[in-house]
Amino acid sequence: MRSALQLLLVAIGSSAYAGLAVLGWGGFRSFFSHPAFVGLVVILLALSVVASFAGGNLSAGVREARGNRCVIPVFVIIGFLNAYLPAYTDRRELWMIDGDTIRWVGVALFAAGGALRIWPVFVLGERFSGLVAIQPMHTLVTGGIYGVIRHPSYLGLLINSLGWSLAFRSGVGVLLTVLLIPPLLARIDAEENLLYSQFGDDYNTYRSRTSRLIPGIY
């Protein structure tokens, strides 16, 4: 029952996101006459279906860094702007990145980023929350992708957003992706402080041998 409800909610959200892009482009028929856009929407819907079975929750758990909730509206606003504006600026030929090849680079990055965004949800299951929170029976995961970077899902979000923007050759979309970074870093700081308070030296040891987002760089 829960999976069916999740699937419905995710489908509604994804359809609304795609709908804003169609609106920005100026119409359903002209939007779907472009192969790159068809590929983008197919990937969006496929990722949405997979995400609905990945687990995760929006629970505050047993302890939450409530002060970080303020970044959630920022993510929502930037997300909806990025759904609409890249398509709109592409249609109006404003702040464009030249070359049709860049569209397919964007589609590939959108798929790769989306997969990286979802992968950690499967790994963590119910420990993965849309809020910065410690869940019941929470354990520290340090293997697999988490043995390389501490926040793979956030890296996936940035790559996914950049891919969407490039699929529309949109300089505005790239700027919106850059604007995601400050609230994302604030969320990472809150998450790492909470995990340190929960796991202490074990988390510091883990943090000392891994990167935050980009392996070997940051």
Side-chain angles (χ1 to χ4, degrees), residues 10-51 54 71 74-121 145 148-149 151-185 187-188 211-218:
V10 171
I12 291 171
S14 299
S15 297
Y17 199 85
L20 285 171
V22 171
L23 183 64
W25 186 257
F28 187 91
R29 181 174 297 180
S30 61
F31 184 91
F32 285 100
S33 67
H34 201 298
F37 299 164
V38 173
L40 199 65
V41 172
V42 168
I43 292 167
L44 172 63
L45 295 178
L47 289 171
S48 299
V49 171
V50 173
V71 305
V74 178
F75 288 135
V76 172
I77 291 169
I78 293 176
F80 278 107
L81 287 174
N82 204 33
Y84 177 80
L85 285 178
Y88 176 80
T89 56
D90 192 359
R91 175 167 64 93
R92 294 291 188 178
E93 298 187 350
L94 301 171
W95 282 31
M96 289 172 53
I97 301 170
D98 289 336
D100 204 54
T101 302
I102 199 67
R103 294 193 191 278
W104 291 106
V105 172
V107 171
L109 287 175
F110 182 76
L116 183 57
R117 173 75 170 150
I118 296 170
W119 181 8
V121 187
I145 184 64
V148 181
I149 54 176
H151 305 280
S153 188
Y154 298 151
L155 176 60
L157 173 63
L158 290 173
I159 295 172
N160 184 253
S161 176
L162 178 62
W164 177 271
S165 302
L166 293 181
F168 294 102
R169 304 184 302 171
S170 175
V172 171
V174 173
L175 177 60
L176 287 170
T177 298
V178 172
L179 290 177
L180 278 174
I181 295 175
L184 195 62
L185 292 179
R187 184 177 173 92
I188 287 174
S211 300
R212 270 187 163 188
L213 287 173
I214 305 172
I217 298 176
Y218 176 74

Locate the shortest heavy-atom distance separating [X] from [Y]; write the atom from each residue and the value.
| X | Y | result |
| --- | --- | --- |
| Ser33 | Pro35 | O-CD, 3.6 Å |
| Ile188 | His151 | CG2-NE2, 3.4 Å |
| Phe168 | Arg103 | CA-NH1, 3.8 Å |
| Val107 | Ala36 | CG2-O, 3.6 Å |
| Ile118 | Ala51 | CD1-CB, 3.9 Å |
| Thr177 | Leu162 | OG1-N, 3.6 Å |

Inter-residue atom distance [X].[atom1] - [Y].[atom2], 0.5 Å rounding:
| X | Y | atom1 | atom2 | answer |
| --- | --- | --- | --- | --- |
| Ile102 | Ser165 | CD1 | OG | 11.0 Å |
| Leu158 | Ser153 | CG | OG | 10.0 Å |
| Leu185 | Leu180 | CG | CG | 10.5 Å |
| Leu44 | Trp164 | CG | CH2 | 6.0 Å |
| Trp95 | Asp90 | CH2 | CG | 15.0 Å |

Is the shortest heavy-atom distance from the side chain of [X] to the side chain of [Y] under 4.5 Å?
| X | Y | result |
| --- | --- | --- |
| His34 | Leu40 | no |
| Leu45 | Ser14 | yes |
| Val174 | Leu166 | yes |

Could you tell me whether a side-chain N or O of [X] sits under 3.5 Å from a main-chain N or O of [Y], the two making a donor and an acceptor?
| X | Y | answer |
| --- | --- | --- |
| Arg91 | Gly24 | yes |
| Ser211 | Gly216 | yes |
| Ser161 | Leu157 | no |

Subject >> Member of Phe32, Tyr84, Phe37, Tyr88 meeting the ring-ring contact (aromatic ring centres under 6.0 Å, His included) criterion with Trp25 >> reply: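 Of all the options given, the one that passes is Phe37.
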Original post:
Out of Leu184, Ile145, Leu213, Asn160, which residue meets the side chain to side chain contact (heavy atoms under 4.5 Å, CB included) rule with Leu155?
Top reply: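 Exactly one option meets the side chain to side chain contact (heavy atoms under 4.5 Å, CB included) with Leu155, and it is Leu213.
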**OP:** Give a yes or no on this: more than 12 heavy atoms of other residues, nucleotides or ligands lie within 6.0 Å of atom CH2 of Trp119.
**Re:**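 Open: at most 12 neighbouring heavy atoms sit under 6.0 Å from CH2 of Trp119.
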